[in-house]
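Worth knowing before you read on, the calculation uses all heavy atoms, side chains too, and leaves out hydrogens, waters and symmetry mates. First listed ligand is number 1; within each ligand, the first listed atom is number 1.
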Amino acid sequence: MSGTRDMGMDISSRPVEWASLSEITASDVSFEGGAIFNSICTRPHPLAAQVMADNLHLNAGDGRLFPSVARCESEITNFLGGLMGLPRAVGMCTSGATEANLIAVHSAIENWRRKGGQGRPQVILGRGGHFSFDKISVLLGVELVLAWSDIDTLKVDPESVSELISPRTALIVATAGSSETGAVDDVEWLSRVALSKGVPLHVDAASGGLLIPFLRDLGGALPDIGFRNDGVTTIAIDPHKFGSAPIPSGHLVAREWTWIEGLRTESHYQGTARHLTFLGTRSGGSILATYALFGHLGEKGLRGMAEQLKALRSHLVDRLRKAGATLAYVPELMVVALKADSDAVKVLERRGIFTSYAKRLGYLRIVVQLHMSEGQVDGLVDALLMEGIV
Ligand SMILES: *Cc1c(COP(=O)(O)O)cnc(C)c1O
């Protein structure tokens, strides 16, 4: 950002005294410094960052001027569909899983009404569901019905979901990687429930979508979260989390267009495509960046990233156990949690270490991400010991 002066911008001529950006960003925390243990996002892959920087002018909302964006978008859909067991899946890039979840819920409600649904529609999900569904329920007037969930991990009880299904159920949501605990709902079981009751099933795999297929290969006892489960209709995946894509990079993949086209809107201009997303002007640069990144990494590169993350997590868990800590549960994805009181997070922050606190569960929450080294993980455990947190 030091380039503003080089570009001939005379900041001093502004009517107010503006601080320089380097002054302003001096208080930001860097991913490289071994301080960030709370972030589900990480520094974007350098190739993706470069492609994004080179293509900032591309507007995904204008396919006439920038046909490259639609082409990259559909290639990303094919790639993610393949990863989810359905290479002919359809889909779209979104600003993130909040928007992907919104589109999936809205489209499900449209379908439910078309089939004669009456009254206020319901969406059933576990207590590990993301708070984006709280926003969505406000916007769409949908009622969230919370199913019984495990008290340690918030993983949903599929039998409870089955019992809650009613004529007002427009959608079931499975969480494949709860953001609080990383727990993965039993999508295989939920799929059977959804199929038997004729209700669509959306999988919120924002954080797990790029991890679970590979962790399964590496021997993790995780369910198949993809379209091989016949009941699964849509899946949200966030490349800007464990895919190292630049923000904004979300994706919604679907078995059929009908599950994601509820927002289909004609533009007022000849020759520009219909919009399916909630956003109008959208970052085309991030779509090209995600395309380039997945093309570069392929499934092999993503598997390597999952392997690296798994090794980091094992290192953290080993160090914690050696330090005498008791984990709140056996981690499934990249969230490792310890029972602690909320002061622990503040105490660590005073040492310049950022963790987070899951208020509803009373957990100190550590997110394992690619910007960490084993040495930095050791530094975290040392700090936990020195502060008497473990
Ligand atoms: C991060 C996350 C979301 C929200 O995604 P954004 O990309 O922040 O919009 C939704 N669900 C889960 C499970 C998440 O981890």
Side-chain angles (χ1 to χ4, degrees), residues 36 38-42 44 48 76 80 84 91-106 123-140 142 144 146-147 149-150 153-156 171-187 190 201-212 215 222-223 225-226 232 234-253 260 277-279 282-283 286-287 289-290 309 331-337 356 358 360-361 363 365-370:
I36 303 185
N38 68 327
S39 176
I40 211 155
C41 297
T42 188
I76 300 168
L80 292 175
M84 292 294 125
M92 66 189 90
C93 293
T94 64
S95 55
T98 301
E99 189 189 6
N101 290 339
L102 174 71
I103 294 166
V105 172
H106 176 259
V123 169
I124 304 176
L125 75 171
R127 284 165 198 278
H130 189 261
F131 59 83
S132 51
F133 291 98
D134 296 321
K135 299 178 185 173
I136 291 164
S137 81
V138 171
L139 287 174
L140 301 182
V142 63
L144 299 182
L146 296 182
S149 306
D150 182 84
T153 63
L154 302 182
K155 194 184 294 200
V156 77
L171 184 68
I172 299 169
V173 172
T175 305
S178 145
S179 59
E180 278 158 288
T181 67
V184 181
D185 285 346
D186 189 339
V187 177
L190 289 169
L201 172 62
H202 172 64
V203 180
D204 179 2
S207 66
L210 293 171
L211 294 172
I212 293 166
L215 293 176
L222 291 164
I225 61 163
V232 172
T234 45
I235 307 174
I237 299 173
D238 266 353
H240 66 208
K241 288 178 178 163
F242 289 97
S244 300
I247 300 167
S249 182
H251 213 89
L252 178 62
V253 274
I260 56 174
T277 49
F278 182 62
L279 300 192
R282 291 190 291 146
S283 165
S286 71
I287 294 173
T290 303
L309 285 161
E332 290 190 309
L333 299 184
M334 295 305 146
V335 181
V336 176
S356 72
R360 301 195 300 174
L361 293 156
Y363 293 164
R365 175 176 164 276
I366 302 163
V367 183
V368 175
Q369 250 296 12
L370 290 165

Spell out, as yes or no, whether a donor-acceptor pair under 3.5 Å connects the side chain of [X] to the backbone of [Y].
X      : Y      : answer
Asp238 : Lys241 : no
Thr94  : Gly96  : yes
Ser132 : Thr98  : no
Ser95  : Pro248 : no
Thr175 : Ser178 : no
Asp204 : Ala206 : yes
His240 : Ser249 : yes

Protein contact to atom 14 (C) of ligand 1 [nearest heavy atom, distance to 0.1 Å] =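 Ranking protein heavy atoms by distance from atom 14 (C) of ligand 1, first comes Lys241 NZ, 2.9 Å.
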Report the nearest protein non-hydrogen atom to atom 6 (P) of ligand 1: residue, atom name, distance rounded to 0.1 Å.
->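 That would be Ala97 N, 3.5 Å.
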Using heavy atoms and a threshold below 4.0 Å, how should the contact between [X] and ligand 1 be classified: side chain, backbone, both, or neither?
X      : value
Ala206 : side chain
Asp238 : side chain
Glu99  : neither

Atoms in ligand 1 with a heavy atom of [X] nearer than 4.0 Å:
X      : result
Ser179 : 15 (O)
Asp204 : 10 (C), 11 (N), 12 (C), 13 (C)
Gly96  : 7 (O), 9 (O)

What about Gly177: any of its N or O atoms under 3.5 Å from an N or O on ligand 1?
->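 There is no such contact.
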Between Thr98, Ile247, Thr175, flag the one that comes closest to atom 8 (O) of ligand 1 by a heavy atom.
->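 Closest candidate by heavy-atom distance is Thr98.
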Mind listing the closest non-hydrogen atom pair of Asn38 and Arg365 along with its distance?
->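 Heavy atoms only, the tightest pair is O-NH1, 4.1 Å.
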So, does Gly250 sit close enough to ligand 1 that a heavy atom of it is under 4.0 Å from the ligand?
->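 Distance cut 4.0 Å: Gly250 fails for ligand 1.
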